[in-house]
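Notes follow once the structure below has been shown.
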Amino acid sequence: MIVNWVKEDEELLEPYEWSQGDDIEIISAIQCIRVDEQTLHDFIYGCLLIFDKEYFNRVFAVGDGHYAVAVETNHEGKLCYRSVFDFASRQKLNAQILALPLTSLQYQMYDEGEMKEFGLTRKERLKKQYINHKIDELYMDHFEAFLSLCEQLNIQDEKSIHKYDHLKKLIENGYSFIHEMLYNELIKKEYKKK
């Protein structure tokens, strides 16, 4: 089985998005745990602290028989890394997990990681994350540049918070020409932090 580890608050990367420089590892054997759909969801999207000491400082697979993720925990039970499996291993792994009894893991979700927006390439997601972060930064630390950006986009709400909300709503879903235009605009030196 092949995995590509990402940190607990980063979104999972599908195998077609893996690239040179990623944290790719071959695993010859892995303990599997069958969980319910909600628990699997939390392991995919959440930052977790597991209370069951038998899962401290371990690498194991969590799945519902239809989808599975590999997780790595530290010595305190904190989920540190996770990954999906390569396509070739998925069917066999899911069949193995489906044959297991349901396990109830004791854990606490203390934060949410990056939600995966399917249909975007890795590059588009990274650009979109940059745009979101940069808009927040401009609004908080470089307000004149924020207003200038809104003016360029013909965002004419009266209050600044409404302009901010309007701009965030504009880039919320998908990836289009507006995202590409914003990205190219926001990487210009006048938008760099002073």
Side-chain angles (χ1 to χ4, degrees), residues 1-48 50 55 58-74 78-98 107 109-137 167-187 191:
M1 293 167 282
I2 304 172
V3 295
N4 183 9
W5 298 114
V6 295
K7 291 181 181 174
E8 86 282 2
D9 61 345
E10 297 175 339
E11 64 184 293
L12 292 165
L13 298 171
E14 292 295 332
Y16 59 83
E17 299 175 294
W18 297 358
S19 65
Q20 191 173 1
D22 285 352
D23 189 3
I24 295 174
E25 182 180 349
I26 297 172
I27 299 174
S28 57
I30 192 166
Q31 178 188 3
C32 296
I33 301 165
R34 183 175 170 209
V35 296
D36 61 39
E37 195 175 307
Q38 181 59 52
T39 301
L40 178 60
H41 177 275
D42 292 347
F43 271 81
I44 293 171
Y45 296 110
C47 300
L48 306 174
I50 300 171
Y55 300 112
R58 304 269 308 275
V59 173
F60 55 96
V62 176
D64 64 358
H66 305 288
Y67 196 81
V69 292
V71 296
E72 182 176 339
T73 59
N74 69 9
K78 180 182 177 207
L79 190 152
C80 298
Y81 297 99
R82 60 185 170 193
S83 175
V84 298
F85 292 92
D86 62 290
F87 292 127
S89 303
R90 289 184 183 192
Q91 190 173 4
K92 184 175 126 186
L93 192 64
N94 285 329
Q96 183 181 341
I97 290 172
L98 198 54
Y107 65 91
M109 189 164 77
Y110 59 87
D111 200 2
E112 287 189 43
E114 290 285 332
M115 295 298 278
K116 186 161 188 74
E117 187 173 355
F118 290 96
L120 302 184
T121 65
R122 182 179 191 170
K123 190 173 186 179
E124 288 169 342
R125 280 198 313 278
L126 290 173
K127 284 182 176 181
K128 192 170 178 177
Q129 288 171 4
Y130 177 84
I131 293 165
N132 268 306
H133 173 73
K134 197 66 177 173
I135 288 169
D136 292 346
E137 182 184 294
L167 184 52
K168 287 294 218 170
K169 190 78 173 154
L170 194 62
I171 62 169
E172 183 177 28
N173 297 314
Y175 191 90
S176 66
F177 73 94
I178 195 83
H179 294 90
E180 195 63 26
M181 187 277 301
L182 275 169
Y183 178 78
N184 290 328
E185 183 66 22
L186 291 170
I187 60 173
Y191 293 102

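Everything numeric here is computed off the predicted structure, so don't read it as measured data. Reckoned from all heavy atoms, side chains included, excluding hydrogens, waters and symmetry mates.
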I need the minimum non-hydrogen distance between [X] and [Y], along with the two atoms involved.
X: Val3; Y: Ala70; answer: CG1-CB, 3.9 Å
X: Ala68; Y: Phe85; answer: O-CD1, 3.8 Å
X: Cys32; Y: Gln96; answer: SG-NE2, 3.8 Å
X: Asp86; Y: Ile2; answer: OD1-N, 2.7 Å
X: Thr73; Y: Leu79; answer: CG2-CA, 4.2 Å
X: Glu17; Y: Leu12; answer: OE1-O, 4.3 Å

Working to the nearest 0.5 angstrom, can you tell me the gap between [X] [atom1] and [Y] [atom2]?
X: Met1; Y: Glu25; atom1: CE; atom2: CD; result: 10.5 Å
X: Ile50; Y: Asn74; atom1: CD1; atom2: CG; result: 9.5 Å
X: Cys47; Y: Asp42; atom1: SG; atom2: CG; result: 11.0 Å
X: Ser89; Y: Ile30; atom1: OG; atom2: CD1; result: 10.0 Å
X: Leu126; Y: Ile131; atom1: CG; atom2: CD1; result: 11.0 Å

Determine, stepwise, if the pair Leu167 / Leu182 fulfils side chain to side chain contact (heavy atoms under 4.5 Å, CB included).
CA-CA 10 Å; Leu167 184 52; Leu182 275 169; 4.2 Å; yes

Cationic N near anionic O, under 4.0 Å, Glu137 to Lys134:
yes

So that I can tick it off, tell me whether Arg122 and Glu10 are bridged by a salt bridge, with the cut-off set at under 4.0 angstrom between side-chain N and carboxylate O.
no

Side-chain donor or acceptor of [X] paired with backbone N/O of [Y] under 3.5 Å:
X: Asp36; Y: Gln38; answer: yes
X: Asn184; Y: Met181; answer: no
X: Arg82; Y: Ile44; answer: yes
X: Asn94; Y: Ile97; answer: no

Can you find a pair of side-chain heavy atoms, one from [X] and one from [Y], that are under 4.5 Å apart?
X: Leu13; Y: Arg125; value: yes
X: Trp5; Y: Val59; value: yes
X: Tyr55; Y: Val71; value: no
X: Tyr183; Y: Lys128; value: no
X: Lys169; Y: Glu172; value: yes
X: Ile171; Y: Ile135; value: yes
X: Glu14; Y: Val84; value: yes

Before you tell me yes or no, could you show the steps for Glu8 and Lys78 under side chain to side chain contact (heavy atoms under 4.5 Å, CB included), namely the whole-Å CA-CA distance, both residues' side-chain angles and the distance that decides it to 0.1 Å?
CA-CA 9 Å; Glu8 86 282 2; Lys78 180 182 177 207; 3.8 Å; yes

Around atom [atom1] of [X], are there more than 12 heavy atoms from other residues, nucleotides or ligands closer than 6.0 Å?
X: Tyr81; atom1: OH; value: no
X: Glu180; atom1: CD; value: yes
X: Phe177; atom1: CZ; value: no
X: Lys168; atom1: NZ; value: yes

Going by the angle between their ring planes, with limits at 30° and 60°, are Phe60 and Phe43 parallel, tilted or perpendicular?
perpendicular

Using 30° and 60° as the class limits, which term best fits the ring planes of His179 and Tyr175: parallel, tilted or perpendicular?
parallel

